[in-house]
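The structure appears below as structure tokens.
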Amino acid sequence: MNETYEPSLIEAAAQRYWDDSGTFRAVEDLQRPKYYCLSMFPYPSGRLHMGHVRNYTIGDVISRYMRMQGRNVLQPMGWDAFGLPAENAAMANSRPPAQWTYDNIAVMKRQLKALGFGLDWDREVTTCKPDYYRWNQWLFLRMLEKGVAYQKTGTVNWDPVDQTVLANEQVIDGRGWRTGAEVEKREIPMYYLAITRYAQELLDDVQQLEGWPERVRTMQANWIGRSEGVTIGFPYTLNGESRTLKVFTTRADTLMGVTFVAVAAEHPLAAHAALHDAELASFVDECKRGSVMEADLATMEKKGMRTSLTVTHPLTGEEVPVWVGNYVLMGYGEGAVMGVPAHDERDFAFAKKYDLPIRQVIDVAGQVYSTDAWQPWYGETGTCIASGNYDGLAQHEAIAAMAAALESRGLGSLQVQWRLRDWGISRQRYWGCPIPLIHCGDCGVVPVPDKDLPVVLPDDLVPDGSGNPLLKHAAFVECLCPRCGKAARRETDTMDTFVDSSWYFLRYASASNDTAMVDERVGYWLPADQYIGGIEHAILHLLYSRFWTKVMRDLGLVDLGEPFSNLLTQGMVRNAIYFRKPASGRVVYYNPTEVEVTTDEKGMPTGARLKADGLPVESGGIGTMSKSKNNGVDPQAFIDRYGADTARLFMMFAAPPELSLDWSDEGAEGAFRFLKRLWKAVHVHVSAGGAAPLVAADMTPADRDLRRLVHQTLSKVTDDYGRRRTFNTAIAAVMELLNAVARHEARQPAARAVVHEALTLAVLMLSPVVPHVTHALWQALGHTTAVIDESWPCVDPEALHQESVTLVVQVNGKLRSQITVAVDADEEGIRAAALADATVQRFVGALTVRKVIVVRGKLVNVVAA
RNA sequence: GCCGGUGUGGCGGAAUUGGUAGACGCAUCUGACUCAAAAUCAGACGCCAAAAGCGUGGGGGUUCGAGUCCCUCCACCGGCACCA
């Protein structure tokens with residue numbers, strides 16, 4: 001055994017061993033319980049960043065632990081390889097996105113291997129390859145047949161200078177990112193997936209996902225946004241024809257307080273009213289032109305304009321004026337609302353502004369209503385008043401009664417509304433999965449026949465920023481209609497990349513199948529036992545994946561309702577931010593490695609200066625690692641210097657996985673120091689002769705104490721890895737154990753035997769986190785097997801046994817002393833021992849002992865007054 | 001505004017079921033080794049001059065006992081946001 005710890009040598013050797021033995025190749029085995037450990041696959045942006053390292057280390061630790069627990073583990077990896085950054089890089093380098101993407105994949109794959117992750121590369125999935133995305137296309141056609149996919153017009157951002165559609169992230173302050181031109185809204189035909197059909201099931205099931213963090217479940221539930229209410233029809237006459245204007249409300253109990261109705265600018269009734277009203281027409285136009293951003297809408301002033309139209313109140317028959325309001329959303333409910341100024345804050349503001357009547361119809365605990373200013377209680381629930389037959393009814397009674405009355409007149413019904421909208425998947429972009437449709441002058445839109453799949457995306461085009469290059473690529477666009485055989489045009493829109501990531505986890509289970517999207521192996525591996533990834537995917541990716549799985553289930557392709565049993569959302573990786581703000585010009589950010597922090601003699605930071613010039617820089621606190629703040633740490637440089645094990649150890653030790661992790665060079669150095677100490681401890685032990693047989697009779701009390709600590713540690717680490725997923729506390733416990741080993745006098749054979757057991761178990765316990773160094777140390781400890789093939793060790797109950805136990809003694813709840821008693825001492829004995837203690841007696845003094853509380857194995861509290 | 005979360009030493013964090021607050025690590029200080037530095041090893045390290053006292057964002061409560069439970073207020077972070 002080498003005397004010094006040299007990570008570069010041992011890491012390469014361990015990785016070679018796993019590679020040569022095919023250690024991580026997962027094989028279906030019905031006799032063994034499986035464990036599918038899934039990490040979110042990366043976008044191949046160029047190089048791994050620390051966020052990836054953290055994500056995949058968490059997954060690898062869980063995978064290796066479950067493997068040692070005897071599970072048949074699958075831990076796959078792939079590439080979310082379509083998307084906009086590749087197009088941008090292509091423009092910058094004048095190279096096709098495909099080349100850039102595949103180069104990045106090669107680099108990042110090498111980095112993942114260098115980190116020692118136990119991945120099954122035979123199942124690698126790359127979404128930009130035809131053998132993957134052909135199944136996007138195939139399933140899209142199945143969805144089209146079922147009506148789950150359908151066409152409708154949608155609004156896109158249009159850059160008038162580049163003549164191109166912009167993605168939301170390419171619109172900055174309402175202007176195109178490249179041209180700076182003001183973005184316009186355009187209506188174009190797009191394809192949608194009817195996720196709203198599954199809204200109820202997606203909501204119901206997310207409540208059942210107990211292995212998911214509460215906040216993710218809440219975020220999904222809010223996003224789906226179920227509300228129960230009543231759709232109410234207000235009859236009116238248009239060109240002599242009877243019609244009804246529908247509104248949706250959750251407060252039907254306030255129906256008698258309606259003094260106006262308001263429709264969205266996009267509502268057909270607004271368009272009709274504007275026909276002969278130039279002023280209204282320009283107002284409607286203004287509303288439509290306004291910002292697309294919903295956040296801006298929320299803070300906008302409420303504006304409206306009266307139309308010449310009126311509708312009839314469905315219960316009272318009263319005439320109610322119709323307004324166009326900029327605060328009414330076309331996309332939610334019916335695009336129209338009933339105005340009840342007395343009990344809705346927005347309607348109140350609107351009514352005050354335009355001097356509309358305010359009519360109180362709800363009484364809340366007899367409070368006195370005034371129309372001077374809005375009071376929070378106006379919006380609360382209460383009892384109906386000034387509502388005719390409905391007076392005195394509580395909210396739910398009133399709603400039921402009114403809904404029944406409306407229903408009998410054909411003017412309303414109970415209804416559930418959703419905030420969730422259908423998923424628009426068309427993107428007017430090149431680097432994505434082609435939508436398999438053909439436009440024929442005679443036959444219209446014709447699906448590409450299954451036998452002609454995949455529609456292959458030409459991978460040698462270079463976008464120039466002005467529109468989708470597929471449009472100019474005749475070999476792609478020009479085709480024959482599959483139905484009539486005449487010349488036709490191929491659809492050039494591609495799919496949202498969220499489509500690619502909505503089912504990759506199923507494909508891992510059937511990656512080798514080139515005749516079907518998925519096969520029966522999905523039934524063995526899925527659902528994923530553990531999914532790990534960033535919180536930024538809490539809503540869209542996870543919701544789309546759940547939806548996609550349910551669609552595939554309804555198509556009979558999988559027997560699975562939910563794809564991920566347990567979800568772990570890992571925290572961000574952060575680092576210090578330093579900058580200088582010149583008198584003129586832009587703020588300059590300095591990487592923390594270029595900065596030296598000065599401290600006072602107590603270690604309190606007093607300032608920071610740039611190493612290069614010794615002059616001060618300002619501290620910007622701590623923030624997520626990013627290019628813009630120049631506070632990233634390159635994993636590769638770190639691995640080159642300290643090795644993968646140190647990177648993995650620091651990542652797992654510095655914080656529990658769900659919390660954000662602050663990078664610290666000194667902390668990482670500390671992790672390296674620990675591995676050196678571990679190496680040295682084994683080296684010292686092995687050099688002194690190594691193993692000796694464990695003979696209980698020869699052990700000193702100190703030996704027995706150490707052995708108890710060894711097995712207590714094992715018990716804690718098992719719980720921390722398996723149940724709590726708090727790797728930081730597991731590592732801390734092993735560190736404590738090694739501190740105890742270092743202090744232990746190990747000359748006698750019995751003592752050496754205990755130390756041998758301690759080191760052996762420490763190596764096993766650490767092996768999921770630092771697999772390379774433990775691979776080497778396992779052999780150094782005299783084993784001919786590989787540590788990766790070892791089972792998780794068992795706690796020896798014999799070792800935990802102890803004769804006496806130390807209890808703390810409190811007087812009136814304050815810690816005062818300690819006593820040692822026999823482990824089986826009765827309560828009376830413990831009580832007597834505590835009262836006999838000299839320190840206890842001093843604190844009790846002249847007081848009378850009122851009560852003595854004994855908590856077995858823990859403490860004694862003497863209550864005296 | 002609504003929903004969710006978090007507040008513990010100089011720092012990251014620990015305390016799992018109401019029972020020793022600050023494990024483990026970082027930083028800092030002292031010492032050993034060294035001509036010296038680094039590395040390494042040993043020790044100190046919540047506040048306060050203090051054995052006493054105080055101390056887990058502030059205030060109040062329940063309890064023999066509260067970081068943990070209840071009420072209330074404050075601050076910060078995240079999500080949704082004119083959703084009728």
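Throughout, protein chains are lettered first and strands after them, A, B, ... in sequence-line order, and every chain is numbered starting at 1.
Counting only N and O atoms by type, the side chains of A/Thr718 and A/Ser715 include no donor and acceptor under 3.5 Å apart. The closest side-chain donor-acceptor pair between A/Glu736 and A/Thr713, if any, does not fall under 3.5 angstrom.
A/Arg346 has no side-chain polar atom (N or O) that falls below the 4.0 Å cut-off from OP1 or OP2 of B/rG1. In this model, the phosphate group of B/rA84 is not approached by any side-chain N or O of A/Tyr327 to a distance below 4.0 Å at OP1 or OP2. For B/rC82, neither phosphate oxygen OP1 nor OP2 lies less than 4.0 angstrom from any side-chain nitrogen or oxygen of A/Lys302.
Using P as the reference atom, B/rG57 and B/rU34 are 48 Å apart when rounded to the nearest Å. One C1' atom belongs to B/rG13, the other to B/rC26, and the distance between them is 11 Å to the nearest Å. B/rA66 sits 14 Å from B/rU20 when the C1' atoms are compared, rounded to a whole Å. B/rC2 and B/rG9: their C1' atoms are spaced 36 Å apart (whole Å). Comparing B/rC11 with B/rG46, their P atoms are spaced 14 Å from each other, to the whole Å. B/rG31 sits 11 Å from B/rA37 when the P atoms are compared, rounded to a whole Å. Nucleotides B/rG18 and B/rC24, compared at atom C1', are 25 Å apart to the nearest Å. Going from the C1' atom of B/rG22 to that of B/rG67 covers 11 Å, rounded to whole Å.
In plain terms, the two heavy atoms of A/Ala730 and A/Tyr721 that are nearest each other are CB-CE2, 4.0 Å. Residues A/Val320 and A/Val261 approach most closely at CG1-N, 3.7 Å, considering heavy atoms. Residues A/Lys629 and A/Ser626 come closest through the heavy atom pair N-OG, 3.2 Å.
For A/Trp418 and B/rC83, the CH2 to P distance is 18 Å, given to the nearest whole Å. Between the CD atom of A/Gln712 and the C1' atom of B/rA23 there is a distance of 14 Å, rounded to whole Å. B/rG65 atom P lies 8 Å from atom CD1 of A/Ile853, rounded to whole Å. If you take CG of A/Leu738 and P of B/rC41, they are 12 Å apart, rounded to a whole angstrom. Rounded to an integer number of Å, the gap from A/Gln415 CD to B/rC83 C1' is 14 Å. Summarising the geometry, the separation between CG on A/Asn812 and C1' on B/rG19 is reported as 15 Å, rounded to the nearest angstrom.
Among the heavy atoms of the strands lying under 4.0 Å from A/Arg677 are primed sugar atoms or P, OP1, OP2 only; no base atom is included. If you check every strand for non-hydrogen atoms under 4.0 Å, A/Arg673 touches sugar and phosphate atoms only. Contacts of A/Asn739 with the nucleic acid, taken as non-hydrogen atoms under 4.0 Å apart, involve only primed sugar atoms and P, OP1 or OP2. The residue A/Val852 sits apart from the nucleic acid: no heavy atom pair falls under 4.0 Å. At the heavy-atom level, A/Trp223 lies under 4.0 Å from the strands shown only through sugar-phosphate atoms. Across all strands shown, A/Gln810 has heavy atoms under 4.0 Å from base atoms, whether or not it also approaches the sugar-phosphate. Among the heavy atoms of the strands lying under 4.0 Å from A/Gly670 are primed sugar atoms or P, OP1, OP2 only; no base atom is included.
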Going through the distances and angles, do A/Thr806 and A/Gln818 end up as a side-chain hydrogen bond (donor to acceptor under 3.5 Å, both in side chains)? CA-CA 7 Å; A/Thr806 301; A/Gln818 295 195 337; 5.5 Å; no
Give the intermediate values and the outcome of side-chain hydrogen bond (donor to acceptor under 3.5 Å, both in side chains) for residues A/Arg226 and A/Gln417. CA-CA 6 Å; A/Arg226 182 182 204 272; A/Gln417 278 291 343; over 6 Å; no
Stepwise ring-ring contact (aromatic ring centres under 6.0 Å, His included) test for A/Tyr332 and A/Trp418: CA-CA 8 Å; A/Tyr332 183 77; A/Trp418 304 93; over 10 Å; no
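Annotated as anti: B/rG10, whose glycosidic dihedral deviates from 0 by more than 90°.
Partners of A/Asp645 under the side-chain hydrogen bond (donor to acceptor under 3.5 Å, both in side chains) rule, at least two apart in sequence or in another chain, are A/His772. Judged as a side-chain hydrogen bond (donor to acceptor under 3.5 Å, both in side chains), and not counting sequence neighbours, A/Tyr544 has no contacts.
By the 6.0 Å and 45° rule, A/Arg346 does not stack over the aromatic ring of A/Tyr327.
In RNA chain B, the stems built from three or more successive Watson-Crick or G-U pairs (distances below 3.5 Å) are B:1-7 with B:74-80, B:10-12 with B:24-26, B:28-32 with B:40-44, B:57-61 with B:69-73.
When the nearest nucleotides of RNA chain B are assigned to A/Ala733 and A/Lys851 by heavy-atom distance, the more 5′-ward of the two goes with A/Ala733. Comparing A/Gly813 and A/Glu736 by the nucleotide of RNA chain B that holds the closest heavy atom to each, the one mapping nearer the 5' end is A/Glu736.
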Short N/O separations, protein against nucleotides 12-14 of chain B, under 3.5 angstrom:
unit_1, atom_1, unit_2, atom_2, d
B/rG12, O2', A/Ala654, O, 2.7
B/rA14, OP1, A/Asn728, ND2, 3.4

Every protein N/O within reach of nucleotides 52-56 of chain B N/O, cut-off under 3.5 Å:
unit_1, atom_1, unit_2, atom_2, d
B/rG53, OP1, A/Arg816, NH2, 3.3
B/rG53, OP2, A/Arg816, NH1, 3.4

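Side-chain proximity of A/Met735 to B/rG25, B/rG79, B/rA84: nearest is B/rG25. Closest to the side chain of A/Ala732, out of B/rC24, B/rG79, B/rC41, is B/rC24. Distances were taken from every side-chain heavy atom of A/Asp720 (C-beta onward) to each of B/rG25, B/rC80, B/rU16; the shortest belongs to B/rU16. In this structure, of B/rU40, B/rC24, B/rG79, it is B/rU40 that holds the atom nearest to the side chain of A/Lys676. Of the candidate nucleotides B/rC41, B/rC83, B/rG79, B/rG79 has the atom nearest to the side chain of A/Met219.
Residues from residues 857-865 of chain A that place a heavy atom under 4.0 Å from any atom of RNA chain B, listed by number: A/Lys858, A/Leu859, A/Asn861, A/Val863.
Note: A/Phe498 and A/Trp423 fail the aromatic proximity criterion, with ring centroids not under 6.0 Å apart. Between A/Trp663 and A/Phe638, the ring center distance clears the sub-6.0 Å criterion. Between A/Phe727 and A/Phe653, the gap from one ring centroid to the other reaches at least 6.0 Å.
No donor-acceptor pair under 3.5 Å is formed between the side chain of A/Arg217 and the backbone N or O of A/Gln208.
Classified by interplanar angle (parallel below 30°, tilted 30° to 60°, perpendicular above 60°), the ring pair A/Tyr5/A/Phe672 is tilted.
Only one option out of A/Glu658, A/Arg215, A/Glu536 pairs with A/Thr569 in a side chain to side chain donor-acceptor pair (under 3.5 Å); it is A/Glu658.
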